[in-house]
Amino acid sequence: MAGERVRLEVKEREDCGSSVSRRLRREGFVPGVLYGSGDPQPFYVGERELRRALGGEHGTHAILDVVLEGKKQEHHAVLKDYQLDPIRSSLVHVDLHEVRLDRPIQAQVTVELVGESAGAKVGGLLSQILRELTVEALPMAIPERFELDISALEIGDSVRVAEIEVPAGATIVDDQDAVVASVTAPRRVDLPEDEVEAVEGEEGEEGEQEAEAGDSAEAEASE
């Protein structure tokens with residue numbers, strides 16, 4: 001469960017221009033915005049502090065107690081979105097969403113497949129169709145992840161959303177009949193007739209060449 005609260009101290013960002021944001025990043029800060037019931041609140045925070053807050057046991061589902069520098073009020077928030085530098089993988093922007101701990105929210109929860117399916121062991125093809133599910137629950141009750149044991153899946157078997165075990169107080173709002181994972185029989189690769197004939201022709205020519213080579217060798221041996 002996402003029952004972890006992490007204090008995160010941030011500094012108010014008065015100037016939101018791109019040049020200021022670039023300067024902040026060069027200095028090791030991440031610009032961000034806190035969204036909530038009032039006006040959006042721009043801020044910036046040290047990248048190390050932010051990664052530490054989001055890198056705990058509960059990861060991106062942790063409840064952040066955001067405190068603006070010089071103020072005492074805590075804003076309970078969850079990670080709404082973030083952007084990474086495509087080359088350096090450093091955080092370049094973060095959006096937080098203020099929540100009330102006594103009101104349900106919706107969040108995307110990862111589905112992790114556990115084990116090796118019986119069908120895959122004999123040549124079946126395992127496919128994971130849904131990698132995330134939308135869950136509604138109180139902020140502190142959002143599950144960290146869903147672990148789906150696929151060991152018993154034979155060829156032709158599948159697991160639907162309705163079969164996912166959900167902790168008390170949480171609800172999956174996705175289509176209950178949607179397939180999460182399945183094991184199918186391997187597909188036959190059927191070549192077009194002209195390609196089949198070409199392959200067979202090549203095999204025939206190779207056979208004739210080998211036969212001719214064999215006859216020549218026998219003739220030389222008899223001489």
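Since the model is a prediction, treat every value here as computed from it, not as a measurement.
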Asks: Sorted by first residue and then second, give each salt bridge (charged side-chain N to carboxylate O under 4.0 Å, His left out) pair with at least one member in residues 37-56; sequence neighbours left out.
Replies: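 Pairs touching residues 37-56 that pass the test: Glu47-Arg51.
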
Asks: Quick one: CG on Leu133 to CG on Leu148, what's the gap to the nearest 0.5 Å?
Replies: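 Reported to 0.5 Å precision, the distance equals 9.5 Å.
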
Asks: Determine the minimum heavy-atom distance between Ser158 and Val179, stating which atoms define it.
Replies: CB-CG1, 4.0 Å

Asks: Under the side-chain hydrogen bond (donor to acceptor under 3.5 Å, both in side chains) rule, collect the residues that match up with Asp65, sequence neighbours excluded.
Replies: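 By the side-chain hydrogen bond (donor to acceptor under 3.5 Å, both in side chains) rule, Asp65 matches Arg5, His76.
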
Asks: For Ser182 and Ile129, which heavy atoms make the closest approach, and how far apart are they?
Replies: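 Taking every non-hydrogen atom into account, OG-CD1, 3.8 Å.
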
Asks: Please determine whether the number of non-hydrogen atoms from other residues, nucleotides or ligands lying under 6.0 Å from atom CD of Glu163 exceeds 12.
Replies: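 Yes, the 6.0 Å shell around CD holds more than 12 heavy atoms from other groups.
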
Asks: I'd like to know if Leu138 and Val109 are part of one continuous hydrophobic network [Ile/Leu/Val/Met/Phe/Trp/Tyr, side-chain heavy atoms within less than 4.5 Å].
Replies: no

Asks: Mind checking side-chain hydrogen bond (donor to acceptor under 3.5 Å, both in side chains) for Glu147 and listing every partner two or more places apart, or none if nothing turns up?
Replies: none

Asks: Is the closest side-chain donor-acceptor distance between Thr134 and Gln108 under 3.5 Å?
Replies: yes

Asks: Ignoring hydrogens, what is the shortest heavy-atom contact between Val99 and Pro139? Give both atom names and the distance.
Replies: CG2-CG, 4.0 Å

Asks: List the atom of Ala53, the atom of Ala62, and the distance in Å for their closest heavy-atom pair.
Replies: O-CB, 4.3 Å

Asks: Scan for salt bridge (charged side-chain N to carboxylate O under 4.0 Å, His left out) pairs involving residues 83-106, sequence neighbours excluded, and state none if there are none.
Replies: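 Sorted pair list: Arg100-Asp102.
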
Asks: Are any non-hydrogen side-chain atoms of Ser21 and Arg13 less than 4.5 angstrom apart?
Replies: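 Of all side-chain heavy-atom pairs linking Arg13 with Ser21, at least one is under 4.5 Å.
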
Asks: With sequence neighbours excluded, what pairs up with Glu154 under the salt bridge (Lys or Arg N to Asp or Glu O under 4.0 Å) test?
Replies: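 Partners of Glu154 by the salt bridge (Lys or Arg N to Asp or Glu O under 4.0 Å) criterion come out as none, since no residue qualifies.
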
Asks: Is Val92 linked to Leu34 within one hydrophobic cluster, defined over Ile, Leu, Val, Met, Phe, Trp and Tyr using a side-chain heavy-atom separation of less than 4.5 Å?
Replies: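 No, separate clusters.
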
Asks: Which ILVMFWY residues are connected to Val20, directly or by a chain of links, through side-chain heavy atoms under 4.5 Å apart?
Replies: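 So far as hydrophobic clustering goes, Val20 is joined with Leu24, Phe29, Tyr44.
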
Asks: Are the side chains of Leu54 and Leu64 in touch, meaning some heavy atoms are under 4.5 Å apart?
Replies: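 Leu54 reaches Leu64 side chain to side chain.
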
Asks: Applying side-chain contact (heavy atoms from CB on, under 4.5 Å), name anything that partners Ala178, two or more places apart in sequence or on another chain.
Replies: Leu130, Val161, Asp175

Asks: Kindly write out the residues that satisfy salt bridge (Lys or Arg N to Asp or Glu O under 4.0 Å) with Glu69, not counting sequence neighbours, or none if the list is empty.
Replies: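 Testing Glu69 for salt bridge (Lys or Arg N to Asp or Glu O under 4.0 Å), a comparison that skips the adjacent residues, returns none.
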
Asks: Any heavy-atom pair between the side chains of Leu126 and Leu113 that's under 4.5 Å?
Replies: yes

Asks: Among the clusters formed by ILVMFWY side chains lying less than 4.5 Å apart, do Met140 and Ile105 turn up in the same one?
Replies: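 Cluster IDs for Met140 and Ile105 match.
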
Asks: Hey, are the side chains of Asp81 and His97 touching, using non-hydrogen atoms and a 4.5 Å cut-off?
Replies: no

Asks: Closest heavy-atom contact between Pro143 and Ala170?
Replies: CD-CB, 4.4 Å

Asks: Listed by chain and number, what are the salt bridge (Lys or Arg N to Asp or Glu O under 4.0 Å) partners of Arg22, not counting sequence neighbours?
Replies: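 Once residues adjacent in sequence are excluded, Arg22 has no partner under the salt bridge (Lys or Arg N to Asp or Glu O under 4.0 Å) criterion.
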
Asks: Under a 3.5 Å distance rule, please check whether Arg160 uses its side chain to pair with a backbone N or O of Asp177 as donor and acceptor.
Replies: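 Yes, Arg160 side chain to Asp177 backbone: donor-acceptor pair under 3.5 Å.
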
Asks: Taking side-chain hydrogen bond (donor to acceptor under 3.5 Å, both in side chains) as the test, write out the residues that go with Gln128, two or more places apart.
Replies: Arg131

Asks: Is it the case that one hydrophobic cluster holds both Leu84 and Val94, taking links as side-chain heavy atoms less than 4.5 Å apart, direct or via other members?
Replies: yes

Asks: Applying side chain to side chain contact (heavy atoms under 4.5 Å, CB included), run through Leu96 and Phe43 and close with a yes or a no.
Replies: CA-CA 10 Å; Leu96 305 179; Phe43 67 86; 3.7 Å; yes

Asks: Decide yes or no for Leu8 and Leu50: does some side-chain heavy atom of the first lie under 4.5 Å from some side-chain heavy atom of the second?
Replies: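 Of all side-chain heavy-atom pairs linking Leu50 with Leu8, at least one is under 4.5 Å.
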
Asks: Under 4.5 Å between side-chain heavy atoms, hopping through other hydrophobics if needed: is there a path connecting Val159 to Ile155?
Replies: yes

Asks: Excluding sequence neighbours, so at least two apart, what forms side-chain hydrogen bond (donor to acceptor under 3.5 Å, both in side chains) with Glu136?
Replies: Gln106

Asks: Show the nearest heavy-atom pair for residues Val66 and Ala77, with the distance to one decimal.
Replies: CG2-CB, 4.1 Å

Asks: Side chains of Leu125 and Val183, heavy atoms from C-beta outward: is any pair under 4.5 Å?
Replies: no

Asks: Quick one: side-chain contact (heavy atoms from CB on, under 4.5 Å) partners of Lys71, sequence neighbours excluded?
Replies: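 For Lys71, the residues satisfying side-chain contact (heavy atoms from CB on, under 4.5 Å) (neighbours in sequence not counted) are Glu12, Leu68.
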
Asks: Do Phe146 and Val135 have side chains that get closer than 4.5 Å, going by heavy atoms?
Replies: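 They are in contact (side-chain heavy atoms under 4.5 Å apart), so the answer is yes.
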
Asks: Are there over 12 heavy-atom neighbours, none belonging to Glu165, within less than 6.0 Å of that residue's CD?
Replies: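 Counting neighbours around CD of Glu165, 12 or fewer heavy atoms of other residues, nucleotides or ligands fall under 6.0 Å, so no.
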
